[in-house]
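What follows is one structure encoded as structure tokens, with my remarks underneath.
Residue numbering restarts at 1 for every chain, and letters A, B, ... go by the order of the sequence lines. Values in this document were obtained by computation on a predicted structure and should not be read as measured data.
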There are 2 protein chains.
Amino acid sequence: MRKGDATRVRILDEATRQVAVRGLTAASLGDVAEAVGLSKSGLFKHFESKEAMQLAVIDRVQERFSDFVWREAEPLAPGRARLEKIFDRWLDWSESEWDDHGCPLMALSVELDDQPGPLRDALQKGMLRWRRTLMREFQALTDPPLSEDQAAAAYFQMKSYLLGHSEARRLMGLPDARRSAQAAFHALLDRVGQAQP
Amino acid sequence: MRKGDATRVRILDEATRQVAVRGLTAASLGDVAEAVGLSKSGLFKHFESKEAMQLAVIDRVQERFSDFVWREAEPLAPGRARLEKIFDRWLDWSESEWDDHGCPLMALSVELDDQPGPLRDALQKGMLRWRRTLMREFQALTDPPLSEDQAAAAYFQMKSYLLGHSEARRLMGLPDARRSAQAAFHALLDRVGQAQP
DNA sequence: ACAGAAAGTGACCGATCGTGCTCTTTCAGC
DNA sequence: GCTGAAAGAGCACGATCGGTCACTTTCTGT
């Protein structure tokens with residue numbers, strides 16, 4: 001039962017990479033199986049259907065995201081330095097963690113935002129959870145803490161800059177996308193910090 | 001030769017709507033043909049291949065975007081009011097112009113950003129052109145005009161808020177996404193205006 | 001070491017895809 | 001109104017997809 005788990009993870013990570021490139025639907029079971037050195041039918045011993053695999057991919061990539069971004073920033077004390085660390089790690093994740101194929105979560109977001117169902121629900125749930133975490137992080141930035149609305153507004157801008165970074169770098173091919181995003185985010189932190197001194 | 005052109009446009013607009021929902025690759029010729037009341041082979045009298053149709057879709061949707069957003073703001077004098085109009089129309093376009101299926105250009109951006117070729121090039125070209133236009137718009141906001149870098153930074157944030165708006169509204173289901181985007185954009189205009197009084 | 005479960009293979013099915021073919025209908029220019 | 005081209009229909013093709021089944025190989029717990 002242990003070898004199966006290792007194979008399962010290999011499948012999921014390879015599937016995630018293909019999802020980042022071609023999309024969740026276009027990533028075919030045959031291609032994923034071949035890439036991990038498996039037959040297509042061998043794949044079905046780990047997932048009873050394609051949708052089951054897609055669901056597992058969504059869970060797995062969110063878990064990896066959390067490991068990559070949050071676990072790195074967690075030891076820092078709440079505050080500006082921790083938020084900067086999170087933002088930087090998020091940029092790293094988006095730029096280089098998936099063989100320069102971009103953040104799979106953003107690809108999933110756009111692909112699933114129009115298709116109700118368990119896949120969309122799973123992704124939305126994780127994203128809302130992550131949003132709550134970051135809102136609390138923003139609230140810990142000032143004394144007295146930011147209101148719910150202020151924290152939501154700060155998160156909205158932070159997430160926007162990350163989406164903008166991805167678009168500017170990947171589609172538009174702008175070389176200073178990362179700098180633009182960092183500059184915008186630092187200015188946001190300044191604004192938030194000044195609002196309640 | 002005139003009836004053919006009308007059919008061609010009907011095909012493209014229907015194809016665009018399906019692209020916004022399912023994606024460029026997943027939008028099948030058969031479904032598009034059926035929705036327009038055509039046979040699949042009848043479609044091939046207008047486009048020699050699927051890729052040719054996809055290319056035409058990309059051109060057409062950018063043309064429609066320009067009509068919807070720019071033509072409406074053009075009569076206004078360059079300045080803050082015009083930029084606000086552009087932003088509002090862009091939000092309208094993203095929210096309701098495609099039967100609540102979101103902005104097709106954003107779907108295209110994420111789907112094509114990892115697939116080099118003529119489709120990506122066509123999209124990128126239009127997007128870069130639109131970026132130049134908006135950068136000039138920002139520069140006309142102050143006296144003396146903003147530098148190239150400042151205008152690029154302002155455009156980056158504007159585009160980011162629009163991406164953020166789409167994500168917040170469509171995937172996350174946040175009801176006040178539009179308000180968040182507008183608030184962030186107005187604050188951006190304030191900042192730009194204050195920088196050089 | 002052995003038995004049973006887990007992991008993996010290969011052949012195959014039905015559906016759907018893009019596309020080419022032949023044929024018919026419809027339209028536009030003289 | 002006639003004629004040729006444009007517009008469209010119907011069919012069939014090869015490829016690819018997700019999925020099933022019977023079978024073999026490999027591993028794991030006792």
Side-chain angles (χ1 to χ4, degrees), chain A residues 1-60 107-108 111-112 115 117-120 122, chain B residues 1-58 60 107-108 111-112 114-115 117-120 122:
Chain A
M1 188 186 304
R2 202 171 52 238
K3 188 197 178 188
D5 288 355
T7 308
R8 190 187 145 99
V9 169
R10 271 172 47 229
I11 294 173
L12 289 179
D13 287 343
E14 171 60 30
T16 304
R17 230 193 61 238
Q18 295 209 17
V19 163
V21 183
R22 308 173 49 188
L24 193 64
T25 305
S28 78
L29 297 180
D31 289 350
V32 172
E34 193 184 14
V36 291
L38 228 65
S39 70
K40 199 169 50 163
S41 41
L43 230 161
F44 276 89
K45 295 293 169 176
H46 298 273
F47 308 97
E48 60 178 11
S49 69
K50 188 184 186 182
E51 191 179 272
M53 188 193 76
Q54 294 172 322
L55 204 59
V57 163
I58 292 175
D59 288 342
R60 166 75 178 160
L108 285 170
E111 183 171 355
L112 292 179
Q115 296 171 349
L119 299 177
R120 184 187 190 281
Chain B
M1 186 185 304
R2 204 172 48 238
K3 188 196 176 188
D5 288 355
T7 308
R8 190 185 144 99
V9 168
R10 271 173 46 229
I11 294 173
L12 289 179
D13 287 343
E14 172 60 29
T16 304
R17 230 194 62 238
Q18 295 208 18
V19 164
V21 182
R22 309 172 50 188
L24 193 64
T25 305
S28 77
L29 296 181
D31 289 350
V32 171
E34 194 185 13
V36 192
L38 230 64
S39 71
K40 206 170 38 163
S41 42
L43 231 160
F44 275 89
K45 295 294 169 175
H46 298 274
F47 309 97
E48 60 177 11
S49 71
K50 187 183 186 182
E51 192 180 272
M53 188 192 76
Q54 293 172 322
L55 203 59
V57 163
I58 292 175
R60 166 77 177 159
L108 285 171
E111 183 172 356
L112 292 179
D114 226 332
Q115 294 170 352
L119 299 176
R120 184 187 190 281

In whole angstroms, the gap separating P of D:dG18 from CD of A:Glu48 amounts to 16 Å
The nucleotide from C:dC17, D:dC17, D:dA9 with an atom nearest the side chain of B:Ser28 is C:dC17
| said: Looking at C:dG8, I'd like to know if its phosphate oxygens (OP1 or OP2) sit under 4.0 Å from a side-chain N or O belonging to A:Thr7. | reply: yes
note: A:Gln54, atom CD; D:dC17, atom P; distance rounded to Å ~ 14 Å
Any N or O donor-acceptor pair linking the side chain of A:Ser41 to the base of C:dG10 at under 3.5 Å?
yes
Per atom distances to the A:Arg2 side chain, the nearest of D:dT28, D:dG18, D:dG8 is D:dT28
Rounded to whole Å, CG of A:Leu29 lies from P of C:dG8 at a distance of 15 Å
In this structure, CG of B:Asp31 is separated from CZ of B:Arg22 (nearest 0.5 Å) by 5.0 Å
Short side-chain N/O contact from A:His46 to OP1 or OP2 of C:dA6, under 4.0 Å: no
- Query: Do A:Phe47 and A:Ile11 have side chains that get closer than 4.5 Å, going by heavy atoms?
  - Reply: yes
Here the gap from B:Asp114 atom CG to B:Arg120 atom CZ, rounded to the nearest 0.5 Å, amounts to 8.0 Å
Separation of D:dA7 atom C1' from B:Phe47 atom CZ, nearest Å, is 13 Å
To the nearest 10 degrees, the angle between the two end axes of the helix from C:dA1-D:dT30 to C:dC30-D:dG1 (five pairs per end) comes to 30°
Distance col, row B:Ile58:CD1 vs B:Leu24:CG, nearest 0.5 angstrom, shows 5.5 Å
Among the nucleotides D:dC11, C:dT9, D:dG8, whichever has the atom closest to the side chain of B:Lys45 is D:dG8
Rounded to whole Å, CG of B:Asp31 lies from P of C:dA15 at a distance of 16 Å
Using a heavy-atom cut-off of under 4.0 Å over every strand shown, decide if B:Leu43 touches base, sugar-phosphate, or nothing.
-> nothing
Atom CD of B:Glu51 and atom P of C:dT19 are separated, to the nearest Å, by 9 Å
Do A:Lys45 and A:Thr7 have side chains that get closer than 4.5 Å, going by heavy atoms?
no
Assess whether atom CD of A:Glu34 is packed by more than 12 heavy atoms of other residues, nucleotides or ligands within 6.0 Å.
-> no
Whole-Å distance, A:Phe44 CZ to C:dG10 C1', equals 14 Å
Between CG of A:Leu38 and P of C:dG10 the distance, given in whole Å, is 11 Å
_Pair of N/O donor and acceptor under 3.5 Å linking C:dG10 base with A:Lys40 side chain_ = no
Rounded to the nearest 0.5 angstrom, the CD-OG1 distance for B:Glu51 and B:Thr25 is 10.0 Å
